[in-house]
Protein chains: 2
Amino acid sequence: MIQQTARHGRERVHRASSDPTRERIVAAAIDLFSERSFEGASTRELAARAGVAQPLLNYHFRSKDDLWRAAVDQLFAEMTQALDVRTAEVVADGDVAGAKAVIREFICFSARRPQLHRMITQESKADGPRMDYLVDRHVRPVYERTAQIMGTLVKAGAVPDIPVEHLYYIITGAGPTMFVHGPECRRLTSLDPTDDAVIQAHADAVCLLLFGPHVTTTTK
Amino acid sequence: MIQQTARHGRERVHRASSDPTRERIVAAAIDLFSERSFEGASTRELAARAGVAQPLLNYHFRSKDDLWRAAVDQLFAEMTQALDVRTAEVVADGDVAGAKAVIREFICFSARRPQLHRMITQESKADGPRMDYLVDRHVRPVYERTAQIMGTLVKAGAVPDIPVEHLYYIITGAGPTMFVHGPECRRLTSLDPTDDAVIQAHADAVCLLLFGPHVTTTTK
DNA sequence: AGATTGTTTTATCAATTGATCAGACTCTTG
DNA sequence: CAAGAGTCTGATCAATTGATAAAACAATCT
């Protein structure tokens, strides 16, 4: 029984990751999985959006689930990359200004890539194998680092005294929702959630609520 | 050609709405549609959860879409009923305390019925016939009333000066997200998002951020 | 050139999907 | 009791689903 030459899991880690076709498929998966759900995105539509034939997905990925995981991995890699630079400075603790910057960066990232929060929201509503993967592999580390940052801010008095668990869901809710609901927002309001001015205004608004008016040189 | 006796749209508005079977189907639809997506919930699983045979869904509802709309209608009816009592007093405007109470009630409702926000989030991510129905029929009126209340609060100085569009997405994000992500929250934290103490604590937290520390008898 | 390995497509699979139809089961009403 | 309208179920439909098989295409090396 001759095994077909399907590499399926990147057996050959060539050099770095640069397979343009595979990347186009993952990009299409990110878009489709996030706006339809996992079940709502058919492999044929996935392939059509990537501009390839449908069976090619099963050549590059073991299964539809495998492709979904690749999409999630990609999105979290992007977020980690966007935040790690900032968080590195903060981990030590005490750096309130840095912590603020991280939160602001988080909001801006969620505006640029609402797909990540769309996929998280989809799977966080009910237990299942995909939520296992999402939480165990990706969300919990993010939660723990976020909680640590929140603790720093609360301890420093930079933020109202709210348990970090609630702060986590307040920030992950108040920040990305406008962008996750982008198409709805466009219909409901006159704002364009992809407009940078709107994004900045939203970050300002969330930070104003969290940190209060930005008085830099007022002492009592 | 003899038309089958399927009433499909409640031709016979008997007295009030009290069809136990139909209600059980809608209840099952609310749960399944909200935790899986529209495509992710099969009519067979829907029927199984309602304890009926699958073709019965097409007897009581014209189509799967029709059932979905009935589920959405039901959820919005519940929210309207939960909030209307409060909002009635506020509409006049100026009633800041009343407006606060409405927001608090909104958060508590989203904790009791996270299914509503789960279904909204699912359809707000991309245009389509279901988003048309949701926005045109239900969400826009809610948005407009909410924006009005926000305007009241901002004008009264009870809330930081943030454009109402942003306030809307901050509140609809910060309030329900912990409960929409209920199962995830249970894994991530040690909190039970169905526990009333947790719900109250979350409402407290959101209100603290919005309205500041609750000083009832301090005059400058 | 020919051979080999890796990539992509066309054709097809069984399984599941939403929906329909005809018939069985209730009921009430005559 | 018989009639008939209203409710519900089993059998089945065409269409779509994710996945596989086999063959066509492309590229590199000898």
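Every chain is numbered from 1, with letters handed out A, B, ... down the list of sequences.
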Closest to the A/His60 side chain: C/dA19, D/dA21, C/dT8? C/dT8

A/Tyr59 vs C/dT8: side-chain N/O to OP1/OP2 distance below 4.0 Å: no

Could you tell me if A/Arg104 and A/Gln200 have a donor-acceptor pair between their side chains, going purely by distance under 3.5 Å? yes

Send over the distance from B/Arg36 CZ to C/dG18 P, rounded to a whole Å. 12 Å

Could you give the distance from CG (B/Leu209) to CG (B/Asp204), rounded to the nearest 0.5 Å? 11.0 Å

Would you kindly say whether A/Glu184 and B/Tyr143 are connected by a side-chain donor-acceptor distance under 3.5 Å? no

What's the CZ-P distance between A/Arg22 and C/dG6, to the nearest Å? 16 Å

Mind calculating the distance between CG (A/Asn58) and C1' (C/dG6) to the nearest angstrom? 17 Å

For the pair made of CZ in B/Phe61 and C1' in D/dT7, what is the distance, rounded to whole Å? 14 Å

Specify the residues of residues 37-48 of chain B, ordered by number, for which at least one heavy atom lies under 4.0 angstrom from an atom of DNA chain C. B/Ala41, B/Ser42, B/Thr43, B/Arg44

Here the distance between atom C1' of D/dA27 and atom CG of A/Asp19, to the nearest Å, is 14 Å

Donor-acceptor side-chain pairing of A/Ser63 and A/Asp65 below 3.5 angstrom: no

May I ask you to check whether A/Glu78 and A/Gln74 show a side-chain donor-acceptor distance below 3.5 Å? yes

Rounding to a whole Å, what distance do you find between A/Leu56:CG and D/dG18:P? 15 Å

Which whole-number value in Å describes the distance from A/Lys64 NZ to D/dT20 C1'? 17 Å

Taking atom types as modelled, find out whether A/Ser37 and A/Gln122 have a side-chain donor-acceptor pair closer than 3.5 angstrom. no

Working for ring pair (Phe, Tyr, Trp, His ring centres under 6.0 Å), residues A/His117 and A/Phe179: CA-CA 9 Å; A/His117 285 271; A/Phe179 312 109; 9.8 Å; no

Nearest-neighbour nucleotide for the A/Gln54 side chain, C/dT10, D/dG18, C/dG18 considered: D/dG18

Write down the distance between CZ (B/Arg62) and P (C/dT20), rounded to a whole number of angstrom. 11 Å

Report yes if a side-chain nitrogen or oxygen of B/Ser63 is closer than 4.0 Å to either non-bridging phosphate oxygen (OP1 or OP2) of C/dG18; otherwise report no. no

